[in-house]
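The structure appears right after this line, and notes come after that.
To find a chain, count down the sequence lines: A is the first, B the second, and so on, and within it residues start at 1. The basis for the numbers below is simple: all heavy atoms, side chains too, and nothing from hydrogens, waters or symmetry mates.
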Amino acid sequence: MGIEGRLFGTASEGIDMLYRHRRLDLVRLAVLLVDDVPTAEDVVQEAFAALYRRHGNTLDDIADPEAYVRRSVVNTSRDVLRRRRTVRAYIPPRTLPAPPPEEEVLLREEHQEVLRALRLLTVRQREVLVLRYWSNMSEADIAATLGLSRGAVKSTASRALTALARRLKETP
Amino acid sequence: MTAVEDRLRAALHARADQVTALRPTFPSSPRARAVVHPGLRRAAVVFLAAALATALLVLPRLLSQGDPSPPADTPPPAGPSNNTSPSPAPSPPDEAPGPAAP
């Protein structure tokens, strides 16, 4: 059962409470996918706006609103990353948006190494690893969120971990 | 769990935990926008446009009805003659033509 059913009665309250209770977690998830907080906040905002545009006041026809919004956040983050990578192909890297340096500095060096290696994976590999190791989702849930088969999730996670380990070894 | 998985999990949690305060936008308003359904909003726009057009058509007429200006077809002033052409002005009596000054 989604958060809506647990906390309130009306659908309108459902959207409101979903926003209040899950926004921070969803922004954290988006940060791990798009790197910077302002973009992550925009992604989450857009996910809720899309939820409202599509379903209006009522969440009755959504079985699990929380999973629905999470899926929307992942999809919107993917769009952001792909757009960014397309831009990167045409614009010199120096002018591209990067994670705010002050946030990077506050992380321990070993975490920074891992996050840098994570950014070099494919979008799909990164999504699978974030959902698996930060959201603690099962393979089945990841498959449902990303629209993949469980087998594809498993193999993507395996390849992603291998690539991550290789990149971490390459790091001096 | 492998060392890489441990490091990945720790790094992800460390990065996520850096996000503690969000900008204070309140529900970009699922609730506020829930009050006005998109269909109702569209109907309201159509209604406002119709009202504005009606006002633009009716307002000039209403204003002209209250205008105190005289009617356009006023009768001609009463006079002995019906001739409306202007009569020549009478020449002043003192100014009889005389010899030109040398």
Between chain B and each of A:L118, A:D25, A:V114, A:V27, count heavy-atom pairs under 4.5 Å; write down the option with the most. A:V114

Going by side chain to side chain donor-acceptor pair (under 3.5 Å), name the residues that satisfy it together with A:E139, two or more places apart in sequence or in a different chain. none

Looking at A:V31, is its backbone amide N or carbonyl O close enough to the side chain of B:R15 to form a donor-acceptor pair, meaning the two atoms are under 3.5 Å apart? no

Side chain, backbone, both or neither: which part of A:L51 has a non-hydrogen atom closer than 4.5 Å to chain B? neither

Part of A:L24 lying under 4.5 Å from any heavy atom of chain B: both

Is there a continuous path of hydrophobic side-chain contacts, each under 4.5 Å between heavy atoms, that joins [X] to [Y]?
| X | Y | answer |
| --- | --- | --- |
| A:V123 | A:L161 | no |
| A:W134 | A:V44 | yes |
| A:L148 | A:L81 | no |

Pair A:E113 + B:R7: basic N to acidic O under 4.0 Å: yes

Enumerate the side-chain hydrogen bond (donor to acceptor under 3.5 Å, both in side chains) contacts for residues 69-78 of chain A, please, sequence neighbours excluded, ordered by first and then second residue. A:N75-A:R78, A:R78-A:E127

Side chain proximity check, A:N136 to B:R9, heavy atoms < 4.5 angstrom: yes

For [X] versus [Y], what's the shortest heavy-atom pair and its separation?
| X | Y | result |
| --- | --- | --- |
| B:A11 | A:H111 | CA-ND1, 3.5 Å |
| B:L12 | A:L129 | CD1-O, 4.0 Å |
| B:V4 | A:A165 | CG2-CB, 3.6 Å |
| A:Y133 | B:L8 | CD1-CD2, 3.5 Å |

